[in-house]
Amino acid sequence: MDNSQIAKVFYQIAEFLEMKEENPFKIRAYEKAARTIESYSKPIMLFKSKEELEKIPGVGESIAEKIIEILNNGACRFLEELKEEFPPEILTLNEIPGLGPKKSLQLYKELKIKNIQDLEKSALSGKIRNLKGFGEKTESAILKGIELKKQYKGRLSIGTALPISLEIIESLKNKIKNLLISEAGSLRRRKDNIGDIDILASGDNNKLIIESFIKLPLVKELKVKGETKVSILTLDNLQVDLRVVEKESFGAALQYFTGSKQHNIELRQMAESKGFKINEYGIFKLKSNQKIAGAKEEEIYQVLGLPYIPPEIRETGEEIKIALKDQLPNLINLKDLKGDLHFHSNYSEGVNTLEEIAASGQEFGYNYIALTDHSQSLKVANGMPPEKLKEQIKKIRALNKKLKNFQILAGAEVDILIDGALDYPDNLLKELDLVVGSIHSHFKQDSALLTKRICKAMQNPYLNIIAHPSGRLLGEREELNLNWEEIFKTSAETNTALEINAYPQRLDLKDLYCREAKVYGCKFAVSTDSHNINSINSIKYGINVARRGWLEKTDVINTKSLKELLIWLKSKR
DNA sequence: GCCGTTTTCGGCCCGACTGTTTTCAGTCG
């Protein structure tokens with residue numbers, strides 16, 4: 001039972017209570033608890049008692065009891081009772097843009113609509129337009145929403161969203177002089193998956209910005225158009241929202257639209273207690289309504305007496321309390337990295353030669369790249385038998401003699417076999433500079449066996465890094481069912497680093513686990529797992545994860561100089 | 001339902017846009 005599953009129970013409770021027109025603050029309390037749990041820095045299932053749970057902000061007696069119940073029984077009675085009052089599928093109606101709890105309930109009461117299929121039927125036969133508060137436009141918006149939902153299940157990965165937003169920002173910059181523009185929302189916070197793309201802009205002529213935006217070639221359809229806000233659908237049916245504000249409000253608006261929701265709520269509450277009011281136009285004195293700042297985002301935090309809080313850690317509001325104590329981490333930056341520790345060549349399933357990889361590493365500004373081709377068992381990826389690995393090591397050593405200020409490290413991505421043994425014998429591993437271990441088979445083992453398997457591998461004195469530890473593939477494969485407490489303990493004890501795999505579909509270890517693992521004293525390696533030198537750039541997605549996981553330069557081993565790194569790698573042997 | 005350097009009771013962030021209205025509710029972020 002992970003945090004998002006627990007959070008989902010409370011989101012659903014909130015939605016049902018909204019239909020019942022319960023006290024709105026009670027509804028918000030459930031939503032708040034759900035949001036906090038969803039992005040909590042620790043797996044909730046590790047909490048043992050009600051008292052411990054009540055220390056989570058937004059979780060009081062009642063919700064703590066329900067969490068215990070969920071952890072013990074896998075379900076919550078209160079939610080089950082609500083599901084008996086309404087058909088449970090009715091919540092899926094709320095997923096259609098424009099439909100919220102009120103309208104969904106009305107559709108159920110007046111037209112017996114219980115699910116998306118019923119909804120589509122009624123809309124097609126023109127029954128919906130006659131309901132009070134609905135009309136023709138609402139009806140056709142519903143049909144459009146259903147079509148889009150059929151096409152797009154789930155959210156958008158950051159690997160898809162970021163390039164699109166950069167493209168939009170660049171083309172607007174080229175068209176308009178003196179333009180202030182930035183991505184906002186969860187994209188700016190660099191979440192691994194996002195709902196839609198938010199962009200904020202400001203310039204000398206705001207009308208022109210909106211007109212230029214809706215004329216961009218990637219725009220398929222205009223959804224909403226006001227004086228300060230437009231929403232479009234791209235040719236790929238992704239929603240992009242543009243907000244336009246005056247220059248003197250750009251910072252306040254950027255703060256506001258970056259969120260998270262919870263971060264903003266708590267920031268505003270804090271502002272009020274200090275006699276200020278914040279909105280997207282600036283920060284004001286509560287009494288006189290006099291504007292104090294708003295052009296720069298930093299000013300908002302400054303006025304409140306806070307250090308600047310980086311967007312990547314603006315999540316639960318906890319960061320505000322830590323900022324107040326001046327205990328924010330000094331987050332790692334891309335430029336801190338000295339090399340990449342997971343890279344494939346044409347010896348296994350990569351496409352490039354050693355020389356090409358060395359050249360692109362140097363060009364990128366690295367001091368080293370570790371070559372880590374697959375081991376013998378992984379036949380699908382052209383895993384190397386020992387002889388071939390030995391040949392590769394020789395070739396690497398020879399190549400290094402010709403290189404200046406840059407080295408290729410001889411490594412391997414070795415399969416962790418079903419019993420936790422490694423896929424090469426120790427006397428071969430000994431020849432390598434670095435060994436990455438990973439699981440590519442038997443994912444379905446039970447939790448205890450899988451955990452033991454990885455922990456046993458970490459005991460091997462030659463294994464330095466566990467690659468993509470959770471094995472998840474976003475939108476495709478769930479993460480492995482592991483006892484993370486054990487994994488983190490063993491990783492710290494054995495000096496085995498955990499990889500943050502930067503491949504946008506993996507982003508594994510994920511942000512929450514990074515933060516938790518750091519508490520145990522684990523070290524990390526941020527690597528691309530590149531199969532092609534063109535993806536050397538995707539390291540930035542790994543840095544995003546590390547920053548969201550509150551990691552600092554010293555937590556990550558590939559910020560070390562080559563010399564320091566080699567010492568660290570050998571220290572385990 | 002949660003929470004407290006004003007409070008154990010009485011508050012709880014704030015504004016834009018749309019569609020269907022005739023002054024505003026619902027939805028969204």
Side-chain angles (χ1 to χ4, degrees), chain A residues 10 13-15 17-19 21-36 53-67 78 93-107 128-142 145 184-189 194-200 210 222-231 239-245 249 252-253 255-284 286 305 317 320-321 324:
Chain A
F10 296 113
I13 289 176
E15 283 188 272
L17 293 183
E18 197 145 10
M19 292 187 168
E21 300 195 46
E22 267 274 5
N23 173 1
F25 297 106
K26 190 193 233 183
I27 297 166
R28 260 189 236 164
Y30 275 110
E31 282 173 350
K32 180 188 171 181
R35 277 197 304 273
T36 307
L53 287 165
E54 284 183 38
K55 288 190 189 129
I56 300 171
V59 174
E61 195 179 357
S62 164
I63 292 183
E65 270 171 19
K66 292 187 177 73
I67 295 175
F78 184 52
L93 299 182
N94 297 344
E95 292 166 19
I96 304 296
L99 291 187
K102 298 268 158 53
K103 287 199 160 146
S104 293
L105 187 64
Q106 193 187 349
L107 288 168
I128 289 177
R129 67 180 73 175
N130 299 324
L131 297 183
K132 186 161 188 268
F134 289 74
E136 280 185 42
K137 284 196 171 174
T138 310
E139 192 176 77
S140 59
I142 287 173
S186 52
L187 184 59
R188 181 160 182 253
R189 301 202 311 279
I194 62 156
D196 55 22
I197 296 173
D198 292 309
I199 294 178
L200 178 75
I210 290 188
L222 189 56
K223 280 187 78 179
V224 175
K225 189 182 174 210
E227 283 181 13
T228 66
K229 178 186 169 176
V230 276
S231 288
Q239 185 172 324
V240 184
D241 297 343
L242 174 74
R243 292 293 298 240
V244 182
V245 296
S249 295
Q255 195 289 317
Y256 179 66
F257 291 112
T258 297
S260 70
K261 186 171 185 154
Q262 195 59 37
H263 178 87
N264 285 355
I265 289 174
E266 301 209 3
L267 204 67
R268 279 160 189 236
Q269 277 169 347
M270 182 189 159
E272 205 188 333
S273 74
K274 294 195 169 201
F276 300 108
K277 188 183 91 165
I278 308 176
N279 59 26
E280 60 258 57
Y281 302 109
I283 179 160
F284 303 82
L286 210 49
I320 297 173
K321 295 184 188 82
L324 267 175

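By convention in this document, chain letters (A, B, ...) are assigned in the order of the sequence lines, proteins followed by strands, and residues within each chain are numbered from 1.
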B:dG15 OP1/OP2 closer than 4.0 Å to side-chain N/O of A:Lys277: yes

Whole-angstrom distance between B:dG26 and B:dT21, as gauged at atom P: 13 Å

For A:Gln106 and B:dG19, give me the distance from atom CD to atom P, rounded to whole Å. 17 Å

Verify side-chain hydrogen bond (donor to acceptor under 3.5 Å, both in side chains) between A:Asn264 and A:Gln255, making sure each step is shown before the conclusion. CA-CA 8 Å; A:Asn264 285 355; A:Gln255 195 289 317; 3.1 Å; yes

In whole angstrom, give the distance that lies between atom CD of A:Glu227 and atom C1' of B:dT18. 14 Å

Closest-nucleotide ordering on DNA chain B, the 5'-leading residue of A:Glu18 and A:Val59: A:Val59

Between A:Ser62 and B:dG1, does any side-chain N or O lie under 4.0 Å from OP1 or OP2? yes

When rounded to the nearest Å, what value does the distance between C1' atoms of B:dC3 and B:dT7 take? 9 Å

Taking any heavy-atom pair under 4.0 Å as a contact, classify A:Lys32: base, sugar-phosphate, or nothing. nothing

Once you apply a heavy-atom cut-off of 4.0 Å, does A:Glu65 come out as touching a base, just sugar-phosphate, or nothing? nothing

Rounded to the Å, how far apart are A:Lys132 NZ and B:dG19 P? 18 Å

Indicate, with a heavy-atom threshold strictly under 4.0 Å, whether A:Glu266 touches base, sugar-phosphate, or nothing. nothing

For the side chain of A:Thr138, counting heavy atoms from C-beta on, which of B:dC13, B:dG19, B:dA16 is nearest? B:dG19

Assign A:Phe25 to base, sugar-phosphate, or nothing according to its heavy-atom contacts below 4.0 angstrom with the strands shown. base

Mind checking the P distance from B:dC12 to B:dT6? Whole angstroms is fine. 16 Å

Looking at B:dG29, B:dT27, B:dG1, which one has an atom nearest to any side-chain atom of A:Lys102? B:dT27

Touch check for A:Leu99, heavy atoms < 4.0 angstrom, all strands: base, sugar-phosphate only, or nothing? sugar-phosphate

May I ask you to establish whether A:Lys66 and A:Phe10 are in a cation-pi arrangement, using a distance under 6.0 Å from NZ or CZ to the six-membered ring centre and at most 45° from the ring axis? no

So which nucleotide from B:dG29, B:dG19, B:dA16 ends up closest to the side chain of A:Lys137? B:dG19

Output for pair (A:Leu99 CG, A:Ile142 CD1), nearest 0.5 Å, gives 4.5 Å

Expressed as a whole number of angstroms, how long is the span from A:Glu22:CD to B:dC2:P? 13 Å

Please state whether the phosphate of B:dA16, meaning OP1 or OP2, lies under 4.0 angstrom from any side-chain nitrogen or oxygen of A:Tyr281. yes

When you measure from the side chain of A:Ile265, which nucleotide among B:dG15, B:dC13, B:dG1 comes out closest? B:dC13

Tell me which nucleotide among B:dC12, B:dG29, B:dC2 gets nearest to the side chain of A:Asn23. B:dC12

Ignoring hydrogens and geometry, is there a side-chain-to-backbone donor-acceptor pair from A:Ser186 to A:Arg189 under 3.5 Å? no

Counting the atoms with a prime plus P, OP1 and OP2 as sugar-phosphate, which does A:Gln269 contact under 4.0 Å by heavy atoms, base, sugar-phosphate, or nothing? sugar-phosphate

Assigned partner base of B:dC28, Watson-Crick or wobble definition, under 3.5 Å: B:dG15

May I ask you to say whether A:Arg243 pairs ionically with A:Glu280, meaning some side-chain N is under 4.0 Å from a carboxylate O? yes

Could you tell me how far B:dT8 sits from B:dC2 if I compare only their C1' atoms? Round to whole Å. 12 Å

Using atom C1' in both nucleotides, what's the gap between B:dT20 and B:dC13 to the nearest angstrom? 27 Å

Give the rounded distance in Å between these two atoms: CD1 of A:Ile142 and P of B:dT20. 10 Å

Keeping A:Glu18 on the side-chain end and A:Gly100 on the backbone end, is there a donor-acceptor pair under 3.5 Å? no

Check the distance between B:dC14's P and A:Asn264's CG and give it to me in whole angstrom. 12 Å

Please give the distance between the C1' atoms of B:dG1 and B:dT5 as a whole number of Å. 24 Å

Determine, step by step, whether A:Lys32 and A:Thr36 satisfy the side-chain hydrogen bond (donor to acceptor under 3.5 Å, both in side chains) criterion, reporting the C-alpha distance in whole Å, the side-chain angles of both residues, the deciding distance to 0.1 Å, and the verdict. CA-CA 6 Å; A:Lys32 180 188 171 181; A:Thr36 307; 5.8 Å; no

Between B:dC17 and A:Thr228, is there an OP1 or OP2 to side-chain N/O distance shorter than 4.0 Å? yes

Touch class at under 4.0 angstrom, heavy-atom based, for A:Pro101 against every strand present: sugar-phosphate

OP1 or OP2 of B:dC12 versus the side-chain N and O atoms of A:Arg268: is any pair under 4.0 Å? no

Name the closest nucleotide to the A:Lys261 side chain, picking from B:dC12, B:dC13, B:dC28. B:dC13

For atom CZ of A:Arg243 and atom P of B:dC17, their distance in whole Å: 6 Å

Got a sec: does the NZ of A:Lys137 have more than 12 other heavy atoms crowding it under 6.0 Å? no

Closest to the A:Ala29 side chain, choosing from B:dG1, B:dA16, B:dT27: B:dG1

With respect to the side chain of A:Glu280, which nucleotide from B:dG29, B:dC17, B:dA16 is positioned closest? B:dA16

Starting at atom NZ of A:Lys26, determine the distance to atom C1' of B:dG11, rounded to an integer number of angstrom. 17 Å

Using a 4.0 Å heavy-atom cut-off, does A:Ile63 contact any base of the nucleic acid, only the sugar-phosphate backbone, or nothing at all? sugar-phosphate

Looking at the side chain of A:Asp198, which of B:dC17, B:dG1, B:dG29 is the nearest nucleotide? B:dG29

Find which nucleotide of DNA chain B each of A:Phe257 and A:Gly226 is nearest to by heavy atoms, and output the residue with the more 5' nucleotide. A:Gly226

Does A:Lys261 pair with A:Glu31 as a salt bridge, N-O distance under 4.0 Å? no

Look at the side chain of A:Arg28 and decide which nucleotide, out of B:dC2, B:dT27, B:dC12, has an atom nearest to it. B:dC12

Return no unless some side-chain N or O of A:Asn279 is found under 4.0 Å from OP1 or OP2 of B:dC14. no

